[in-house]
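Just so you know, these numbers use all the heavy atoms, side chains as well, and skip hydrogens, waters and symmetry mates. Atoms within each ligand, like the ligands themselves, are counted from 1 in listed order.
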Amino acid sequence: MSASNKTLRPLTQAARRRPAAPVRIIHIGLGAFHRSHQAWYTAHASDASEWGIAAFTGRAGGSGDAMLKVLRDQDCLYTLTTRGPSEDEVEVIDSIVAAHSITDGDAFMAYLERPSTAIVTTTVTEAGYRLDADGEPDWSDPVVSADVASLASGGAGSTPLALITVGLEARRRAGAGPIAILPCDNMPNNGSTVRRAVLSYASRVSEQLVEWVETQVAFVSTSVDRITPRFSDGDVDGPRRAGIVDEIPVVTEPFASWILCGDFPAGRPHWESAGAQFTEDITPFDTRKLWLLNGAHTALAALGLARGAETVASATRDATCRSLVEGFWSEAVRHLPGFVDSDRYCRDLWERFDNPRIAHRLKQIAEDSSTKLTIRVAPVALAELAAHRSADGSAAVLASWINVVLHHGRYRDAQADDIDNALGKTDPVAALIALVSETLARSGGFVEQVRAHVRDDPSRTVAGSNGA
Ligand code: CS2
């Protein structure tokens, strides 16, 4: 039956299969990834009826506000289309039960004051934490300094970490007990990283808060994985074919993985029943994912866009892009432990990247490339140099990004001003490398290697040959 002669159901309260669960999880960063991943795992947990999510947007204004309005109109319900290589499965996700703007600091604090609130999760992008190269809050960032001034005078902050800090202060004062913070962005040891940064913010509030955070707040590290493109207009068609009107659907791949490491002192959903795994050591798993999946994504975005590809699937079919990724992977796998079975992981990745029905736009992945390269590629180059090898595969990836910045124009980047400054320097190549890693920029041999790849820019040989 076609959508036109099928009765279409709007997503309203009547579409809920079970009563809305009580709010026990607070999320910051109401994007597609949260809705395909943590919200999906929570909806599929065996105790889902006890765990509702109150979700806040990740930043004020922009498309997030429009999405927030529609989500509220849909009683916080939305559809998730799981898109395999040949077919779709559409389901209604009901784990989000309240939605707010990040500017609603009062609502955030009110949730944290309740003892029943057990977890704060975040998906605000790597750059959204506004950390410097040492993992400290970037005090030179005007938004961070404004937040600090606001915290010192008892106000709420406008950024995720400042908001978490005021929320924790509200919880401490309310005597609401311990809580877990669970950052779900692509950063190594994300729990420990965020812990350090929150303690720095807390030190701007009071010594009591620092002590309370140290003893009462658990920071959980996690590796999250599910390829989820940003919303595009055609995404509404899948739910319509299933008879559902949804203005803010999410489309995702069949694969999903969630590996967690840490304690939840106020409880947590039984996420294992939905497939999540717990480990004592997150490092092998998050390193594998950050280097192999995310590193390859950033490489494909840089070279693929320059060679005329628009999506991951089309770049994957370009032999020049594939060999860039293979060269980088061959260096990365040397520094991963055998038990994570990197060869198999890489084979599976090509299959996931190749899914022709997932339109994962390279432009989306290319955003914030300078920060992403620091996390995904620079550590491999450093490990190779430390082992007295050339790191040529990693150099080629960095060079692909530098070529984009030099010849094609950069994409949206939280460090746009620094990139523009680097371009004004006498040696822009070295300055751009320094933005990604100062240590790498100090290695003269590595800089020359990158420079050689910049000169041999493979995207320039594309005209008339391999237009992906
Ligand atoms: C991507 C990730 O946009 C990006 O930088 O590499 O969002 C990637 O799709 C996810 O981490 C997959 O789990």
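The nearest heavy-atom contact from the protein to atom 3 (O) of ligand 1 is Lys372 NZ, 3.5 Å. Nearest protein neighbour of atom 7 (O) of ligand 1, counting heavy atoms only, is Asn186 ND2, 4.3 Å. Remark: minimum distance from atom 10 (C) of ligand 1 to any protein heavy atom is reached at Lys289 NZ, 3.7 Å. Looking only at heavy atoms of the protein, atom 2 (C) of ligand 1 is closest to Asn294 ND2, 3.6 Å. Distance from atom 13 (O) of ligand 1 to its nearest protein heavy atom, with residue and atom name: Asp225 OD1, 2.6 Å.
The closest non-hydrogen atom to atom 6 (O) of ligand 1, taken over Arg226, Arg352, His297, comes from His297.
By the 3.5 Å distance cut-off applied to N or O atoms, Gln364 is not counted among the residues near ligand 1. Any N or O atom pair closer than 3.5 Å counts here, and Glu126 shares no such pair with ligand 1.
When each atom of ligand 1 is checked for a heavy atom of His360 under 4.0 Å away, the hits are 9 (O).
Using modelled atom types, one side-chain atom of Ser145 and one backbone atom of Pro142 make a donor-acceptor pair closer than 3.5 Å. The backbone N or O of Ser36 lies less than 3.5 Å from a partner atom in the side chain of Arg226, making a donor-acceptor pair.
Ion pairing of Arg344 with Asp348 is present here, as a side-chain N (NZ or NE/NH1/NH2) and a carboxylate O approach within less than 4.0 Å. The existence of a salt bridge linking Asp47 and Arg24 is excluded, since no basic side-chain nitrogen approaches an acidic carboxylate oxygen closer than 4.0 Å.
Both tests pass for Arg268 against the ring of Phe278: distance under 6.0 Å to the centre and angle within 45° of the axis.
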Trace of the salt bridge (charged side-chain N to carboxylate O under 4.0 Å, His left out) decision for Asp65 with Lys69: CA-CA 6 Å; Asp65 282 358; Lys69 184 180 173 314; over 6 Å; no

Trace of the ring-ring contact (aromatic ring centres under 6.0 Å, His included) decision for Phe353 with His297: CA-CA 9 Å; Phe353 290 169; His297 260 174; 4.9 Å; yes

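Look at His37 and you'll find every heavy atom at least 4.0 Å from all atoms of ligand 1.
Under the 3.5 Å distance criterion, with hydrogens and angles disregarded, no donor-acceptor pair is assigned to the side chains of Thr193 and Tyr129.
Residue contacts with ligand 1, taken as heavy atom pairs separated by less than 4.0 Å, involve Arg376 solely via side-chain atoms from C-beta onward.
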